[in-house]
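Below is one structure, written out as structure tokens; the observations come after it.
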Amino acid sequence: MSVEDFDVVVAGGGPGGSTVATLVAMQGHRVLLLEKEVFPRYQIGESLLPATVHGVCRMLGVADELANSGFPIKRGGTFRWGARPEPWTFHFGISAKMAGSTSHAYQVERAVFDDILLKNAKSKGVVVREGCSVNDVVEDGERVTGARYTDADGNAREVSARFVIDASGNKSRLYTKVGGSRNYSEFFRSLALFGYFEGGKRLPEPVSGNILSVAFDSGWFWYIPLSDTLTSVGAVVRREDADKIQGDREKALNTLIAECPMISDYLSNATRVTTGRYGELRVRKDYSYQQDSYWRPGMVLVGDAACFVDPVFSSGVHLATYSALLAARSINSVLAGDLDEKTALNEFEARYRREYGVFYEFLVSFYQMNVNEESYFWQAKKVTQNQSTDVESFVELIGGVSSGETALTAADRIAANSAEFAAAVDKMAAGDGDDMVPMFKSTVVKQAMQEAGQVQMKALLGEDAEPELPLFPGGLVTSPDGMKWLPHHPV
Ligand code: FAD
């Protein structure tokens, strides 16, 4: 059997796999992505976060395509949750990190969203092969040196690579090859029963695109608008109540809906979809877990292959795409000869665990139902150790931007700031004394005058981001383009 050679082989073409493959190929490396299914394929996980849409997707070059795809705009979330009987709503836009044009995410049909990311990977130079299932890795001592897969015609194939990335989600067993065990949380062990409805009610404008999450005696419901008429509806029940979703799924879902007055009301004139991609009532365990280790020499886990945390904050695609960004930086740095593998991948793992840990720890307190939302906001500030207010800390955590990573928040603002700065400079150059006023009113110029540093000026001009500190003592910082790691040299 002839063995092809690539720099990187990625197993799985979900958001995690497409993202890491694209960001590595964009640095000129040879990347092969093997996907078991033929896209578009169904997947659950429809509610996105701003960090994915405006951070990672902008780096991938698909932010404009997403904006033009007609996905419902998610400005935040509406919860009937905790001690207060009335629903409460949060808006991403109250945080300065997600202000203005970055203050929303989308609700997406995953078949469409994942296909956009996979096609984009192809257009950025990734060799994509669908209908190809990765079965095993090739090892040479401690190191993973390649992968074995079955191609679309059923032939056994082998490929060698400097890195194999497992982005094959939570069902594949490939992750076991990284060693160690998968640790399941005792706290988050729920099951979800879900389907799709036509004609459900909508929240009032301007929050009609929000995710609606409603707690009830047996657990909670998600209610996600996927178009003007189509809604994704799922009941999440605790493991102790698993019998409530056994047997006839239609009957079980109807019983759970009847238990929850707000969802019953929203679905009162709706009809369940019974044909096509959305016709099936599905059940998924949403047990939370994480691996002992997220990498070994030559192999890296991203997305659900590495860890998963309870879906109430829609963090799955964020963790998949963010971990893919972190992995891509590490691999790009190693392939460029800038860093050794251990230094680069330890940074990936530390940052990924931190983000997972923030969601995990906060979610534990979010399941305390006898308190009001103010208590959740306070907890979010405690968990993130954020300088912002309580409510901003909450919104930043569940917007996926609590790490303070410039790449997740600033892409749009750096561009907008540059435009504002350029316009102010043009105006001053062209005008008389009065024209000084808008110049000094510019937030960009105010910042520049306050800091007056070379690096900040570069940031304002879009050549560089704000000066960044390592997330951990002795850790690395991101390169100006966000694609690699750099050693940190304190000045
Ligand atoms: P996946 O999206 O699972 O992609 C993995 C890909 O690998 C698939 O295309 C699969 O076909 C392919 N594959 C599998 N095995 C192989 C193999 N051997 N070889 C090659 N390819 C293979 N997340 C959110 O962001 N928002 C939500 O609202 C949300 N709701 C959720 C609700 C529930 C009930 C659950 C269980 C999860 C939810 N999630 C949500 C989480 C979300 O589904 C996942 O976190 C996300 O899809 C992970 O992306 P991924 O790229 O890691 O894996």
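Basis for what follows: all heavy atoms, side chains included, without hydrogens, waters or symmetry-related copies. We count residues from 1, following the sequence as given. Numbering of ligands and ligand atoms starts at 1, following listing order.
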Please work out which of the three classes, parallel, tilted or perpendicular, describes the rings of Tyr196 and Tyr278, given edges at 30° and 60°.
-> tilted
In ligand 1, which numbered atoms sit nearer than 4.0 Å to a non-hydrogen atom of Glu37?
-> 11 (O)
Step through it carefully: locate the ring centre of Phe394, locate the ring centre of Tyr376, and say whether they are under 6.0 Å apart.
-> no
Could you list which atoms of ligand 1 come closer than 4.0 Å to a heavy atom of Gly16?
-> 51 (O)
Best match, Lys36, Lys285, His318, Arg110: closest heavy atom to atom 47 (O) of ligand 1 | Arg110
Would you mind listing which atoms of ligand 1 come within a distance below 4.0 Å of any non-hydrogen atom of Arg284?
-> 36 (C)
Do Glu347 and Arg351 meet the salt-bridge criterion of a basic N to acidic O distance under 4.0 Å?
-> yes
With a cut-off of under 6.0 Å to the ring centre and 45° to the axis, is Arg162 in cation-pi contact with Phe6?
-> no
Tyr149 and ligand 1 - part of the residue with a heavy-atom distance under 4.0 Å | neither
When you look for heavy atoms under 4.0 Å from ligand 1, do you find them on the side chain of Cys132, its backbone, both, or neither?
-> backbone
Which heavy atom of the protein is the closest neighbour of atom 5 (C) of ligand 1, given with residue, atom name and distance?
-> Ala167 O, 3.5 Å
Look at atom 45 (O) of ligand 1 and say which protein heavy atom is nearest, naming residue and atom and giving the distance to 0.1 Å.
-> Asp304 OD1, 2.8 Å
Tell me, yes or no, whether the heavy-atom count around Glu205 atom CD, taken from other residues, nucleotides or ligands under 6.0 Å, exceeds 12.
-> yes
Go through ligand 1 atom by atom and flag the ones less than 4.0 Å from a non-hydrogen atom of Ser314.
-> 24 (C), 25 (O), 26 (N), 27 (C), 28 (O)
Using a heavy-atom cut-off of under 4.0 Å, does the side chain or the backbone of Lys171 touch ligand 1, or both, or neither?
-> neither
Identify whether NZ of Lys or CZ of Arg in Arg157 sits under 6.0 Å from the centre of the six-membered ring of Tyr149 and within 45° of that ring's axis.
-> no
Going by the side chain to side chain contact (heavy atoms under 4.5 Å, CB included) test, name the single residue among Ile165, Asp166, Thr321, Leu325 that passes it with Val302.
-> Ile165
Does Arg182 count as lying over the ring of Tyr289, i.e. NZ or CZ under 6.0 Å from the six-ring centre, within 45 degrees of the axis?
-> yes
Within 45° cone and under 6.0 Å: Arg284 NZ/CZ vs Phe194 ring | no
Would you check whether Ser47 has a nitrogen or oxygen atom less than 3.5 angstrom from a nitrogen or oxygen atom of ligand 1?
-> yes
Pull out every atom of ligand 1 sitting under 4.0 Å from any heavy atom of Ser172, numbered as shown with elements.
-> 15 (N)
For ligand 1, which part of Leu34 has a heavy atom less than 4.0 Å away: the side chain, the backbone, both, or neither?
-> backbone
Give the residue and atom name of whichever protein heavy atom lies nearest to atom 4 (O) of ligand 1, and the separation in Å to one decimal.
-> Gly14 CA, 3.5 Å
Shortest protein contact, atom 10 (C) of ligand 1 (heavy atom only) | Glu35 OE2, 3.5 Å
Residues Arg296, Glu341: salt bridge by 4.0 Å N-O rule = no
To the nearest 0.1 Å, how far is atom 32 (C) of ligand 1 from its closest protein heavy atom, and which atom is that?
-> Pro311 CB, 3.7 Å
Just say parallel, tilted or perpendicular for the rings of Phe113 and Phe71, cut-offs at 30° and 60°.
-> perpendicular
N or O pair under 3.5 Å between Gly17 and ligand 1 = no
For Tyr294, is the NZ or CZ atom of Arg353 found under 6.0 angstrom from the centre of its six-membered ring and inside 45 degrees of the ring axis?
-> yes
re atom 49 (O) of ligand 1, the protein heavy-atom contact at minimum distance is Ala320 CB, 3.6 Å
Run the salt-bridge test on Lys177 and Glu139 with the 4.0 Å N-O cut-off and return the result as yes or no.
-> no
Atom 37 (C) of ligand 1: closest protein heavy atom, distance to 0.1 Å, is Phe308 CZ, 3.6 Å
When you measure from atom 1 (P) of ligand 1 to each heavy atom in Arg129, Arg282, Gln43, which option holds the nearest one?
-> Gln43
Ligand-side contact atoms (ligand 1) for residue partner Val317, heavy atom cut-off under 4.0 Å | 23 (N), 24 (C), 25 (O)
May I ask you to decide if the ring planes of His318 and Tyr322 are parallel, tilted or perpendicular, using 30° and 60° as cut-offs?
-> parallel
Here the atoms of ligand 1 under 4.0 Å from any heavy atom belonging to Arg41 are 2 (O), 4 (O), 8 (C), 9 (O)
Show which atoms of ligand 1 fall inside a sub-4.0 Å distance from at least one heavy-atom site of Asp286.
-> 36 (C)
Of all the non-hydrogen atoms in the protein, which one sits nearest to atom 14 (C) of ligand 1, and at what distance?
-> Ser168 O, 3.2 Å
Is it the side chain (CB and beyond), the backbone, both or neither of Ala192 that lies under 4.0 Å from ligand 1, heavy atoms counted?
-> side chain
